[in-house]
There are 2 protein chains.
Amino acid sequence: MEEGEESRCENCIVRQFNYLRAMSKAELKKVSDSKVTKKVKKGESLFEEGDKLDGVFCVRDGVSKLSKLSANGKDQIVKLASKGEVIGQRSVIAEESTNLSAVAVSDMEVCFIPKDSIVHTLNQNPNFAVEVLRHMAHDLKEADDVIVNMSQKTVKQRIAEAFLYLKSNYGEDEKGFLNLALSREDIANVVGTATESAIRIISEFKKKGMIKTSGKKIGVVDEKLLQDLIEGF
Amino acid sequence: MEEGEESRCENCIVRQFNYLRAMSKAELKKVSDSKVTKKVKKGESLFEEGDKLDGVFCVRDGVSKLSKLSANGKDQIVKLASKGEVIGQRSVIAEESTNLSAVAVSDMEVCFIPKDSIVHTLNQNPNFAVEVLRHMAHDLKEADDVIVNMSQKTVKQRIAEAFLYLKSNYGEDEKGFLNLALSREDIANVVGTATESAIRIISEFKKKGMIKTSGKKIGVVDEKLLQDLIEGF
DNA sequence: TCGAAAAGATGACAATTATCATATATATAT
DNA sequence: ATATATATATGATAATTGTCATCTTTTCGA
């Protein structure tokens with residue numbers, strides 16, 4: 001009996017958004033045959049900092065935070081990865097243990113792809129290698145931007161940016177609340193501040209009518225006010 | 001008349017340290033024939049943020065700072081590149097204008113390599129592509145580390161780290177002063193703080209016997225004290 | 001559905017860092 | 001060699017951010 005259509009990488013829509021589209025039919029078939037689909041519950045981890053990865057994870061659904069523990073015991077979230085993104089390639093390519101932990105911030109469905117097929121294709125298909133390279137170049141640019149934000153913007157500005165980022169990347173529901181509801185602690189860890197500071201600033205934004213909250217849900221009310229704050233007014 | 005031996009990429013020692021070593025003889029010959037060697041004086045720029053790069057720069061001698069201007073007018077130094085490093089590949093590979101400026105912090109000698117030969121080799125030689133990929137994976141990891149440092153360490157800790165970094169990467173002269181003498185402003189821009197704050201902390205370190213200064217030159221005196229401070233004592 | 005545990009909120013205070021003013025030293029060009 | 005610009009240094013003060021304590025609300029498992 002053949003596997004269902006949608007569970008084959010060849011037919012996976014998610015692939016449209018990542019570098020796996022640069023694989024040939026045959027290569028993709030190999031990937032599909034070796035991949036394992038798993039469900040990961042919110043709060044569970046895909047891997048921990050320091051793990052040696054035997055493959056990469058392709059996100060079919062849900063969102064994962066990629067974070068690194070600092071010496072003082074706080075987690076710094078370096079990136080959020082969602083549908084269509086591939087996690088773990090840096091480690092697999094550099095043949096090093098991961099520098100980041102990956103934890104689901106919403107229920108996820110991911111495909112684990114053993115590294116053999118990735119590495120093999122990298123060495124055989126220059127097209128694929130260049131595509132992965134482009135992707136990593138993009139990640140690097142984003143990381144540079146984060147560095148500049150971290151050091152040159154205030155916590156308030158970074159939190160305001162985070163909300164606009166969440167809105168434009170994950171959208172909002174019918175009631176105008178962000179689809180991706182991060183905890184206050186996660187928000188603090190994204191912008192690199194203390195949880196209490198993040199909470200205080202969120203309260204302030206709410207008072208000023210920039211955002212609204214309902215439990216842990218947060219909605220952007222006045223995008224322009226947030227934008228002005230980011231630009232320094 | 002043939003060109004002198006040492007000016008040929010094939011014989012360039014610098015290449016030993018970067019991904020150009022993954023090129024074949026023929027590819028390297030092509031690079032060598034198309035490259036242009038230039039001298040860049042301290043303070044001059046190789047390129048500015050937003051420029052479209054037609055190639056990459058291979059550093060033969062000297063050091064360049066790679067920085068990004070923030071909205072508030074300050075420069076954030078994201079990376080220092082020295083002998084053997086290649087600058088500009090991110091932009092060339094992603095086919096985007098650069099996100100960073102490159103300015104010489106000491107007199108430099110660089111080779112400009114037009115992008116055609118790089119791009120051509122990327123598409124033909126998977127070995128080369130993978131090597132470049134590995135290199136970029138490494139840069140990405142370093143960028144992640146910088147993000148965590150920026151958000152989780154104090155300015156003092158970051159300055160202490162900077163000195164240890166400069167010592168281990170560029171060494172010191174007979175008198176124990178760092179070979180790479182960055183201005184106070186550059187140091188501030190590396191760690192992401194105000195110039196006055198950096199100066200104040202440098203004075204404090206000097207008083208405590210952790211470092212010594214002589215004009216703009218700085219020397220590490222007590223590595224352990226610096227290390228302790230970094231680790232939070 | 002009840003109760004414990006976790007998350008969110010807020011006050012009080014301390015520590016860190018930025019800003020502005022100004023002084024001194026150093027480098028650079030004529 | 002001297003004037004001028006630039007870099008370094010330091011004080012005073014304000015603004016930002018972190019820490020600790022405490023309280024309330026929400027979440028979630030037994």
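A quick note: this is a predicted structure, and the numbers were derived from the prediction, not measured. Order of the sequence lines sets the chain letters (A, B, ...), proteins ahead of strands, with each chain counted from 1.
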Calculate, to the nearest 0.5 Å, the distance between atoms CD1 and CG belonging to Ile77(B) and Leu66(B) respectively.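 One gets 9.0 Å once the value is rounded to the nearest 0.5 Å.
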Have a look at Thr193(B) and say if it touches a base, only the backbone sugar-phosphate, or nothing, with a 4.0 Å heavy-atom cut-off. sugar-phosphate
Over all strands shown, is Lys74(A) touching base, sugar-phosphate only, or nothing at heavy-atom distances under 4.0 angstrom?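 Sugar-phosphate contact only - Lys74(A) comes under 4.0 Å of backbone atoms but never of a base.
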Within the pair [X] and [N], is there a side-chain N or O less than 4.0 Å away from OP1 or OP2?
X	N	value
Ser203(A)	dT10(C)	yes
Ser197(A)	dG18(D)	yes
Lys153(A)	dT16(D)	no

5'-most contact on DNA chain D: Lys156(A) or Glu185(B), nearest heavy atom basis?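 This one resolves to Glu185(B).
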Partner set under salt bridge (charged side-chain N to carboxylate O under 4.0 Å, His left out) for Glu161(B), not counting sequence neighbours: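 Glu161(B) satisfies salt bridge (charged side-chain N to carboxylate O under 4.0 Å, His left out) with Lys153(B) once adjacent residues are dropped.
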Assess whether a salt bridge exists between Lys224(B) and Asp228(B), defined as any Lys/Arg side-chain N lying under 4.0 Å from an Asp/Glu carboxylate O. yes
So, are Lys68(A) and Asp144(B) salt-bridged, with charged N and O less than 4.0 Å apart?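 Here Lys68(A) does not pair with Asp144(B) in a salt bridge, since their nearest N and O are not under 4.0 Å apart.
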Does any donor-acceptor pair link the side chain of Arg200(A) with the base of dG11(C) at a separation under 3.5 Å? yes
When Watson-Crick pairs (N1 to N3 and N6-O4 or O6-N4) and G-U wobble pairs (N1-O2 and O6-N3) count only below 3.5 Å on both distances, what is the dot-bracket string of DNA chain C, with | for other-strand pairs? ||||||||||||||||||||||||||||||
With the side chain of [X] defined as its heavy atoms from C-beta on, choose the nearest nucleotide among [options].
X	options	value
Ala194(B)	dT8(D), dA18(C), dT17(C)	dA18(C)
Ser183(B)	dG8(C), dT8(D), dT17(C)	dT8(D)
Glu196(B)	dT10(C), dT17(D), dT19(C)	dT19(C)

Distance-minimising heavy-atom pair for Val191(A) and Met150(A):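 Heavy atoms only, the tightest pair is O-SD, 3.5 Å.
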Grab the N/O contacts between the protein and nucleotides 27-30 of chain D below 3.5 Å, and write none if there aren't any.
none

Would you tell me whether Gln227(A) and Glu231(A) have side-chain atoms, one donor and one acceptor, within less than 3.5 Å of each other? yes
